[in-house]
Amino acid sequence: MPARRTSIHGEWSSRLAFILAATGSAVGLGNIWRFPYVTGESGGGAFVILYLVCVAAIGLPVMMAEIMLGRRGRQSPINTMRTLAREEGRSPAWQYVGWLGMAAGFLILSFYSVIAGWTLAYALRSVSGVFNGATAEGVAAIFEEFISDPERLLAWHTIFMVMTTIVVSRGVKSGLEQAVRYLMPALFVLLVVMVGYAMNTGQFEQAVNYLFTPDFSKITSGVVLNAMGQAFFSLSLGMGAIMIYGSYLSHTASIPRTAAIIALMDTLVAILAGLAIFPLVFEYGLAPSAGPGLIFQTLPIAFGQMPGGALVGFLFFVLLVFAAWTSAISLVEPVVAWLVENRGMQRVKAAALTGLMAWLCGILALLSLNLWSGDARFTFFGKGFLDLFDWVTSNVMLPLGGLLISVFAAWIMTRESSRGELGLANGMGYTLWRVLVRYVTPVAIGLILLNKTGILTP
Ligand code: PFF
């Protein structure tokens, strides 16, 4: 085994710090904004079951592989892949997995920041009391008016991108590690409060049925792909975010246990978000398939009616901003690490440059909501830029990255290398992981992707 490398960017102060940071990356808009709306668009229960299966059978093994590769390579995903490939006597072309991830990260960050901007705006709106006593129609009208104003969206998008850039430029360790420690549990508690509220005032039973009673006739190739895409997006897999975080992880931590904790927490938050939102959707006769605006059109109704709702709404959206923030920094980190390693750039400059590029790209996403909405020149496959970036990254780029990571971890790396790094003895656990990443994940991802493109459809 080669001598152990150390990362030039530093190391987490403890295993707990890594768990918090990786959970911070995983838990974000993907759980609270994206999960409910994609569930709604994909018809409910059958999608949820498929999603859970994807998390367990694909997400968890790929997450272990990503942490393992990161910890062994100890560099940005591009350099990690090149180094590890060379070590196993393979082609340096494996570094393109890192490039693919970097491109996906850019695209995700660009629209992620726009949606995080909505969340910032909604924190302010909640506390200002505009939602007090508002009807479902009123809340929907406020939302429509908001997203049709490009200048306002741009201001919030800019603020969020600057926040993200500042944290990354200061290094992951100072500040963020601390913030995640308190804010994540707070978000969790507030979500439970929202579920409690939804239980008492909304159509809770209908929502539970909707989420957990699968109607298998609703399963199409698109729904399966959405479920897999959501698992990748929500767990931050396939683009090197978890890989770079793994590269700051100490050698003493157990990867399997750590990965399981992260996946479990992430899933729990998504389910809680579903249980908080769908009772209100049904209570107020809204369409589950309302799309990306779903939480912004449901939760404010609840905040407008509950006692102290202005404050609860404010807290909820502020915590959601923090959740988005801790995810966004993990999207920037792989790019920054690469710029520091290969271009000798200072961290501050690298973060500013990355933020600027993603900010520019975000403007395309933002304009697709208003000025360019429905304009055929800016519509591709029936989607505007925001929807397109969202769909293509989650459903194509991240799964493809995950497939290549699995193939590398299971077929390119030797048994000795992977077993040693995972810290598993030669027992059942290791065999199960290896079978999963060797056969199950690449085949499943490959089939799902091909099936959707129509190549496999009979
Ligand atoms: N997992 C994040 C969320 O659920 O909001 C989004 C995300 C972060 C996706 C980092 C991918 C990533 F690399």
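When a ligand or atom number is given, it counts from 1 through the structure's own listing order. None of the values given here were measured: they were computed from a predicted structure.
Protein heavy atom closest to atom 2 (C) of ligand 1, with residue, atom name and distance, is Ser25 O, 3.3 Å. Taking atom 4 (O) of ligand 1 as the reference point, the nearest protein heavy-atom neighbour is Ala26 O, 2.9 Å. Considering only non-hydrogen protein atoms, atom 11 (C) of ligand 1 sits nearest to Ser236 CA, 3.5 Å. The protein non-hydrogen atom at the shortest distance from atom 13 (F) of ligand 1 is Met239 SD, 2.8 Å.
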**OP:** Report the C-alpha distance between Thr258 and Arg15 in whole Å, list the side-chain angles of each, state the deciding distance to 0.1 Å, and finish with yes or no for side-chain contact (heavy atoms from CB on, under 4.5 Å).
**Re:** CA-CA 8 Å; Thr258 314; Arg15 184 178 85 114; 3.3 Å; yes
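Put simply, CE on Met413 and CG on Leu84 are 5.5 Å apart, with the number rounded to the nearest 0.5 Å.
Enclosure of atom CD in Gln346 is not indicated, since only 12 or fewer non-hydrogen atoms of other residues, nucleotides or ligands lie within 6.0 angstrom.
Here the closest heavy-atom approach between residue Val223 and residue Ser42 is recorded as CG2-O, 3.8 Å.
Within ligand 1, the atoms closer than 4.0 Å to a non-hydrogen atom of Asn31 are 4 (O), numbered from 1 in the order shown. Every atom of ligand 1 with a heavy atom of Ala241 under 4.0 Å away is listed here by number and element: 13 (F). Each of the following atoms of ligand 1 lies closer than 4.0 Å to a heavy atom of Gly30: 3 (C), 4 (O), 5 (O). Ligand-side atoms of ligand 1 in range of Leu29: 5 (O), range being under 4.0 angstrom from any heavy atom.
Looking at Thr80, its side chain never comes within 3.5 Å of a backbone N or O of Gly70 through a donor-acceptor pair. No donor-acceptor pair under 3.5 Å is formed between the side chain of Trp33 and the backbone N or O of Ile115.
An N or O contact shorter than 3.5 Å is missing between Leu237 and ligand 1 by distance. When only interatomic distances are considered, the shortest N/O to N/O separation between Tyr112 and ligand 1 falls below 3.5 Å.
Ser234 counts as a contact of ligand 1, since one of its heavy atoms falls under 4.0 Å from the ligand.
Atom 1 (N) of ligand 1 has its nearest heavy-atom neighbour, among Phe233, Phe232, Trp33, in Phe233.
Counting heavy atoms from C-beta outward, Leu404 and Trp94 have side chains that approach closer than 4.5 Å.
For an aromatic pair to be called close, the ring centres must be under 6.0 Å apart, and Phe317 with Tyr122 satisfies this.
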